[in-house]
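All remarks here apply to the structure that follows.
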Amino acid sequence: MSTATTEQPKKTAKRQSRTKLTIRRFARNRLALVGLAVMVILFLMAYIGPLVNKYDYLYHDYMAFNAPPGGDHWWGTNQGGQDLFALTMRGLQKSLVIGLLVGVISTLVAGAVGAFAAYYGGWADRILMWIVDLLLVLPSFLLVAVMSPAFQKAGWLIFVVLLSAFSWMITGRVVRSMTLTLKDREFVKAAKYMGVSGPVIIFRHILPSMASLLIIDTVIQVGAAVIGESGLSYFGFGIQAPDVSLGTIISDNTTNAPAYPWLFYFPAGCLVLIGVAVSFIGDGLRDALDPNASGAKAKAKKIKTGETKAGATNLSNQLQGPTTSTDVLSPS
Amino acid sequence: MTDSTNPSQPSDSTRTKEGLRPVTDTRLDISQPVLEVSDLHVAFPSEAGQVRAVRGVSYAVRPGEVLGIVGESGSGKSVSSMAVLGLLPESAAVTGSVKLNGRELLGLSDNEMSKIRGKDIGMVFQDPLSALTPVYSVGTQIVEALQIHQDLTKVQARERSIELLDLVGIPDPKRRVDNFPHEFSGGMRQRAMIAMAIANDPKVIIADEPTTALDVTIQAQVLEVLKKAQDVTGAAIVMITHDLGVIAGFADRVQVMYAGKPVEAGSVDEVYYSPRMPYTIGLLGSIPRLDDTERRALTPIEGNPPSMVELPKGCPFAARCPIAIDRCREVEPTLSVKEGNTHPTACHRSHELGDTLDPAAIYPVPEVPEASDLEQRPRGERATVLELDNLTKHFPLTKGAVVKRKVGVVRAVDGISLDIREGETLGLVGESGCGKTTTLLEILDLPKGQVGTVTVFGKDTRSMNRADRKTLRRDMQIVFQDPMAALDARMPIGDILAEPLKTHGWDKERIAARVPELLELVGLNPDHADRYPQEFSGGQRQRISIARALALEPKLVVLDEPVSALDVSIQAGVLNLLDELKTRLGLSYLFVAHDLSVVRHIADRIAVMYLGRIVEVGDTQSIFDAPSHPYTQALLSAVPLPDPRRERERTRILLTGDLPSPANVPSGCRFRNRCPKYLSLDEAEQLRCRDEDPASAKLADDHSAACHFAKALEVI
Amino acid sequence: MGRYLLRKLANNLILVLLAASLSYFVAGLSLHPQSNYEGRNPPLAKSTIAKTLDDVNMNPDTPIVTRFITWADGVAHGDLGKTIDGSPVNDEVGRRIGVSTRLLLLATLVGSVGGVALGALGAIKQYKLFDRVTTLASFFILAMPTFVLALFLKLASIQFLGAGTIHFTGETDPEFAGHWDFAALGNRAEHMLLPGLTLVLIQVGLYSRYQRSTMLDVLGSDFLRTARAKGLRRRTALVKHGLRTAILPVVPLLVYNIVLLFVGATFTEKAFGWHGMGELLVNSITRNDVNATAAVSLFTAVLVLIAGILSDLMYAALDPRVRVR
């Protein structure tokens, strides 16, 4: 989640300084930096850890059942003598990859559907929004749970598709309502009256204008997907054995956790760290990309005192939507 | 208009006015000031550093007196009034002194201040929609204001709030008291705000841009209400505004602010007729005036106000001042009465102004471009660029935000016919909601299925195919009101200017050559093509918008309120540019605006719109000298002039009520229920207005009005 | 308003029917009820299995459309079919709704009020210690999948208070089941403690974020300034004008989420052994119970419909701007 990717590739002098400003604002947010650091460390651990650890996640050490964390098995072992570190790292890889893919895919779908529906209006809008409504009414957790074991042979990528398919609707609605506003903005009208075509306007003017929303939403969706995936896997509806995810590891060890608490704390800790890091990064990005939203806005507005009108909607408000989609996939 | 021949204004005799105490020359006045602000400083922390928003403001107002504080955006005028009320955020550092009847207010706790706010000091804010809590009825909010400070029962308070609403001219207050703010029109909300401000008989009313968000006719009504409120309460008024016209007729004394500091203060006559600070002089010279008899070039003040974070050393105005000397860049002048002056200014050269320096001549007057051959040709001989015939646009009316249903038809544009010839500027004026923007968008949309016809360059838009439309778009371009909103902030201005060219298939080399050419055309540095819109000031951004509109060498440019988002000192430069480009490039303009002074300055012909119709149309001279439709007359009469003496002599035609909703157009003449003339007619004539929709009737060669009883009247 | 509601109801009803049917097809095609009976020792006769499955309308040999028609016909008459054990789904659902309600009612009340209060206070004290602590805490809670939070609370209570200090499995200890006397209520309260805490924490975490952000928007608003300019003290103005307005966008969301909790407390119910609707969602799938799964989806879809309409109504009731006379 580097902030450098947030700007257009074109590097003029000013563009760089804007990127710099964004980075500076982000860097000033200590929690965001912590989040970023945690995320980087988790990634490094997930992919380098298994290389330096001498145990494979599938190997059963018959000399050590339920061994506590220590020199040989860093994070201990489970009932079957599997190395917990190896297992957790394997699960972490899965969770991170699934999270990232779902985050990106669902935001892309949301952006495209929302923007086209709103820009063209009429029947396109009605049909697309009807699909959104239907998908929202469908009990997504249940459907993914029912379907994913059936698709299991096709591998975890199908699982990504399923998760994404049920994650984009609320963001799609937010994008739609923002597009409706942007459509009436003068720079969009200016392009329209110049004779620029609809799709070009959408990709040249409308979607870039909500880049910050989309970037932040991607980050939030990553967190939501990780949580959703772990929940499904916890019940056995997600990643299937012999593959593991953080959810399955926690689930497999639930009964032993009271006696051997590391079996819970290590994988659960990793899971929570992903979630926290993602929220910190998301929050930091929001402040950095959109200083007029949320907290920074209240301050800035007071300074201007009365010379500006109260902004009706802002990003932080808009983003309430995407966070609710978390619940759809992960009931309490 | 910078009347330098009359440096000292004997004023007392002329100043007495009903309801106002003859307070004009403060140095002679002996009554105690009710509110005294001295050496007020306000600073905010910000990302870029400390914002020194207010840097030493002092003033005093006496009971019954009106002090006007004028300044452009960012001059610190609003912040200083918030500081008086103690309503700034905690992060603001406020120093100095604010005394109410001798009692120091700065440093009082929130508890103590809240006993003063709303009781001794009433406040009227700018935007009446956001200033009222949306979830409480207007009555509830006034009742609350009453009950905070007075021991009233609910019933008494309600009675009183109905009285107050009646006082400020809300029709049917008994019913209206239970309405919610969103059910009130802008003007009514502002009246309710005033009712709230005067509820507890305050000693001072602070009005922060009270009429800025309102149309002129409503502005005239609200100013009248404010005056009445003052008569009733005897309060002093501190009126904060950017509009020199509003202050001229309303205030007794005026203080001009620049970069957080007062730079000139005095009675309105002193400041308007013998300004001694170059900023004031420039400001007065840069406003287009309704009473100009001939077209003159406006004198813009070059440059932009300084950043309040890194103020330059010396006088903050020095960089824009035409008569700045070395000393100005070294030492900041203080506000004091300079030798030979009658009133205080903050300028090192005030003593020379009016003596060795002619205030009227310090700004270089730009040349009025000579009319081109095209423009000199008689109108009849020029080709028609745009012709509307009975253009109509009706919308279905839906109600409710969550709960939507169709309840009627909005007749936004209800049969408009007009034409624009080559090299001509048509000003389309009207108040908000009259349908002028809809008209304009309707023209630009080049629609297919509407009633009436749009003919552009002799082609009927209804019979055009896709390719025709695209070709047509090349010849017809638009400049929007808000220059920031009209430019995509994510593109460098070079790309912005290239977009229309790219869309219409220009190749790379031609585009690369055209972009710097365009920037130069509108007076910008061609080297700045790689900069982003945010790096430019409002005026410069509007120039970029204009450059983009001109990129494809159009014949017709549609201008939608192109200067109304700009400060006056910037506005003048843009207007001059538009004037010049028109002559140089042989353009035609459709200039949509609500500001009649601006329209008078730029337009050759004017069409006045009311509720979806054109009520009067003609050449500029006729419309301003012999306005014949009662609405035009009222509209012109409502525009305040930046000329205190003329303002005092003028009698206003005040319209009653608000613009009716275009969903509910009155029968017969749509203006009749607000028409002052209608009231003076006899029964039979009134019947005609009620039953018969007046058609446009020719009054002169190029002048017609849609009124059964059109008659010229001088109102300016 | 009435006509609008009717139209919306009709539109959503179609959605609900479609969603429920779709779910039935997905469940009917993906679940394998026969696997519950296959591979037993001694093996059951094929005909016995078919008979058992036919009884509950889950025989995969019957075409899915035929099964659907049978099911839909039952649903149209208010009969949700039989569970895989042969007992009526209606009874099962009825019992479980009661359980879920007992678990959720109090927790939801505390959670929403607490969330709104903490969020509003956090906004007023933006960037002060209180705000930082609550914000950080809510980040952690929201980052935790519910089952992690529930397991953590269980684990922590065992580790720090000792196993058996707090009884948290099921609604009551077995000896109190079905009793409502004083002692039983005490026992119920004890059982409620951890699952209740889980739900409260999650809701407070979620709602406080929303409330904080809407409150921040309101804090800079002009009408709040007007209220203070009238002479209201800061605190009074903040509550009477600020919170009253800032709560508007949160209320529909609260209503929506609260209604949906009835099927959404899956993890909590599962973790603490409460046999509510949420648990049924998981159990029905693991037991390959097509009818129960379909019942849960139908129930969810109906709840979404009710939640949507209720939150619209609430919004209209609270915000005069959307009220239509």
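For chain A, the option among B/Asp488, B/Thr503, B/Leu87 with the highest count of heavy-atom pairs below 4.5 Å is B/Asp488. Note on A/Lys192, A/Met194, A/Arg185: by heavy-atom pairs under 4.5 Å with chain B, the leading option is A/Met194. Between chain A and the residues B/Gln481, B/Met484, B/Met476, the most heavy-atom pairs under 4.5 angstrom are made by B/Gln481. Among the candidates B/Val42, B/Leu552, B/Leu444, the residue making the largest number of heavy-atom pairs closer than 4.5 Å to chain A is B/Leu444.
Comment: B/Lys502 does not engage B/Asp495 in a salt bridge, judged by the lack of any side-chain N to carboxylate O separation of less than 4.0 angstrom. Comment: A/Arg176 engages A/Asp125 in a salt bridge, judged by a side-chain N to carboxylate O separation of less than 4.0 angstrom. Salt bridge absent: B/Arg541 and B/Asp482 never bring a charged side-chain N and a carboxylate O closer than 4.0 Å.
Only the side chain of B/Gln477 comes within contact range of chain A, with at least one heavy atom under 4.5 Å from a heavy atom of that chain. Of the atoms belonging to B/Arg548, it is side-chain heavy atoms, and not backbone ones, that fall under 4.5 Å from chain A. B/Leu487 touches chain A through its backbone: at least one of N, CA, C or O sits under 4.5 Å from a heavy atom, while the side chain does not. Of the atoms belonging to A/Ser197, not a single heavy atom falls under 4.5 Å from chain B.
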**OP:** Apply the test side-chain hydrogen bond (donor to acceptor under 3.5 Å, both in side chains) to residues B/Asp243 and B/Thr212: give CA-CA distance (whole Å), side-chain angles for both, the deciding distance (0.1 Å), then the verdict.
**Re:** CA-CA 8 Å; B/Asp243 190 331; B/Thr212 304; over 6 Å; no

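Using a 4.5 Å heavy-atom threshold, the side chains of B/Gln50 and B/Phe44 count as separate. The shortest distance between side-chain heavy atoms of A/Tyr193 and B/Leu441 falls below 4.5 Å.
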